[in-house]
Amino acid sequence: MKKIVLLITGLMISAPAWAQTTLPDFIPPDTLRIERNARVRIGVQAGWGQSRYYGSDLQQLSADGQAAFLGGLTVGLQAVTQAGKYFSLLHEINWQQGGSRIRREDDNGNLYDARLRTWSVQIVPVAPAFTWQGISLYAAPYVSALAGGFITDSADKKDRRIFGDPQNTTETDKYLQKFDFGALTGIGWASRHWHMSLRYQIGRNPLLDNANVFTFDQTQPVIRIYQQSWQLLVGYRF
């Protein structure tokens, strides 16, 4: 009996130490971090920017081969997925005014100032962003679809044939491409709800298409005119 009591006593004394050495401590997951990283916030944004056209074939659009910046509005929706303490993913859909100031020639051979205005719907599928102390840097590709456009004549009237017209059959008619793609990069500041950013955007798809390529002795399949722009955006995230 005495031996049994000593055996039980020994087991009771050594059990905590045995459990401590053989069973690892259970570490609960950081639920706050998981919740933060999985959170998606929705917001709205609006801003003003300047856009213009550039490229080696700009003389086919502007009589003197020059183009100046034209102001335009941007409004859109934004979603932000938090991917870590310093990293997030931006997703956007924006409605943008674009275009450029150019020079045109009237029927009498006189040059006049004109505006080529466009409207487009832009999608930014995913923009990785790095944020530190409220300051963020981001870059992403984008795609956009043209929704409308016009060019002003010498009387400042809107000529919408530049958007595309089935009757464009002369050797000088060209029309706007309906899709664009390119890249954007920006720097911004954000608080819990408000954010502001300055971004630069550059298109890489030719702006104009030739309705009569390979006809009327034209052999140029690509008209190298592209769009670039700056935007200052302010937004609110819910």
With the side chain counted from C-beta on, respond yes when L61 and L208 share a heavy-atom pair under 4.5 Å apart, and no when they do not.
yes
Quick one: OG on S56 to CG on L58, what's the gap to the nearest 0.5 Å?
9.0 Å
Check whether any side-chain N or O of D57 sits under 3.5 Å from a backbone N or O of Q60 as a donor-acceptor pair, and report yes or no.
no
Considering only heavy atoms from C-beta outward, does the side chain of S88 approach that of V80 to under 4.5 Å?
yes
Using 0.5 Å steps for rounding, measure from the CZ atom of R103 to the CD atom of E105.
10.5 Å
Pairing of D113 and R101 as salt bridge, 4.0 angstrom limit
no
I'd like to know if D156 and R115 make a salt bridge, using a cut-off of under 4.0 Å between side-chain N and carboxylate O.
yes
Under 3.5 Å side-chain donor-acceptor pair for Y138 and S197:
yes
Given 3.5 Å as the limit, does a donor-acceptor pair link the side chain of S62 with the main chain of A67, or not?
no
Test item: side-chain donor near acceptor, Q201 and Q227, under 3.5 Å:
no
Rounded to the nearest 0.5 Å, what separation is found between the CG atom of D159 and the CZ atom of R104?
8.5 Å
Between G72 and R117, the two heavy atoms sitting closest are CA-NH1, 3.9 Å
Does any non-hydrogen side-chain atom of V124 lie less than 4.5 Å from one of L184?
yes
Heavy-atom check, side chain of Q177 versus side chain of L146, under 4.5 Å:
no
Are W95 and L77 connected in a single hydrophobic cluster, I mean Ile/Leu/Val/Met/Phe/Trp/Tyr linked by side-chain heavy atoms less than 4.5 Å apart?
no
So, the side chain of S191 versus the backbone of W194: is there a donor-acceptor pair under 3.5 Å, distance only?
yes
Nearest-0.5 Å distance that lies between atom CG in L137 and atom CD1 in I187:
5.0 Å
Of all the heavy-atom pairs spanning G98 and L70, show the shortest one and how long it is.
O-CD2, 4.2 Å
Could you check whether Q66 and Q59, counting side-chain N and O atoms only, form a donor-acceptor pair closer than 3.5 Å?
no
Do D153 and Y112 make a side-chain contact, defined as non-hydrogen atoms from C-beta onward lying under 4.5 Å apart?
yes
Minimum heavy-atom separation for S136 and W189, please, with both atom names.
OG-N, 4.5 Å
Side-chain donor-acceptor pair present, D180, Y142, cut-off under 3.5 Å:
yes
Let me check something: do I135 and F130 share a hydrophobic cluster, defined by ILVMFWY side-chain heavy atoms less than 4.5 Å apart, either directly or through other members?
no
K178 side chain to F163 main-chain N or O, any donor-acceptor pair under 3.5 Å?
yes
Using every non-hydrogen atom in the two residues, find where Q82 and F87 come nearest and quote the distance to one decimal.
NE2-O, 3.4 Å
Taking the side chain as C-beta and beyond, is there a heavy-atom pair between R52 and Q50 under 4.5 Å?
no
Will you find, in the side chains of S229 and Q231, an N or O donor that is under 3.5 Å from an N or O acceptor?
yes
Would V75 end up clustered with V234 when hydrophobic side chains under 4.5 Å apart are linked, directly or stepwise?
no
Within this structure, what is the OH-CG distance for the pair Y53 and L116, rounded to the nearest 0.5 Å?
4.5 Å
Compute whether any side-chain donor of one residue and acceptor of the other, for Y175 and R161, lie under 3.5 angstrom apart.
no
Using every non-hydrogen atom in the two residues, find where A127 and A140 come nearest and quote the distance to one decimal.
CB-CB, 3.3 Å
As an exercise, state the distance from NE2 of H195 to CG of L90, rounded to the nearest 0.5 Å.
8.5 Å
Linking I/L/V/M/F/W/Y whenever their side-chain heavy atoms sit closer than 4.5 Å, directly or via other members, would I223 and L207 fall into one cluster?
yes
Identify the heavy atoms of P141 and P125 that sit nearest to each other, and give their distance.
O-CD, 3.6 Å
Parallel, tilted or perpendicular for W119 and F150, by the 30°/60° rule?
tilted
Can Q78 and N94 be counted as having a side-chain donor-acceptor contact under 3.5 angstrom?
no
If you define the side chain from C-beta out and look only at heavy atoms, does anything of H91 sit under 4.5 Å from L89?
yes
Answer yes or no: is there a side-chain heavy-atom contact under 4.5 Å between R204 and F181?
yes
Determine whether the aromatic ring centres of residues Y236 and F238 are separated by less than 6.0 angstrom.
yes
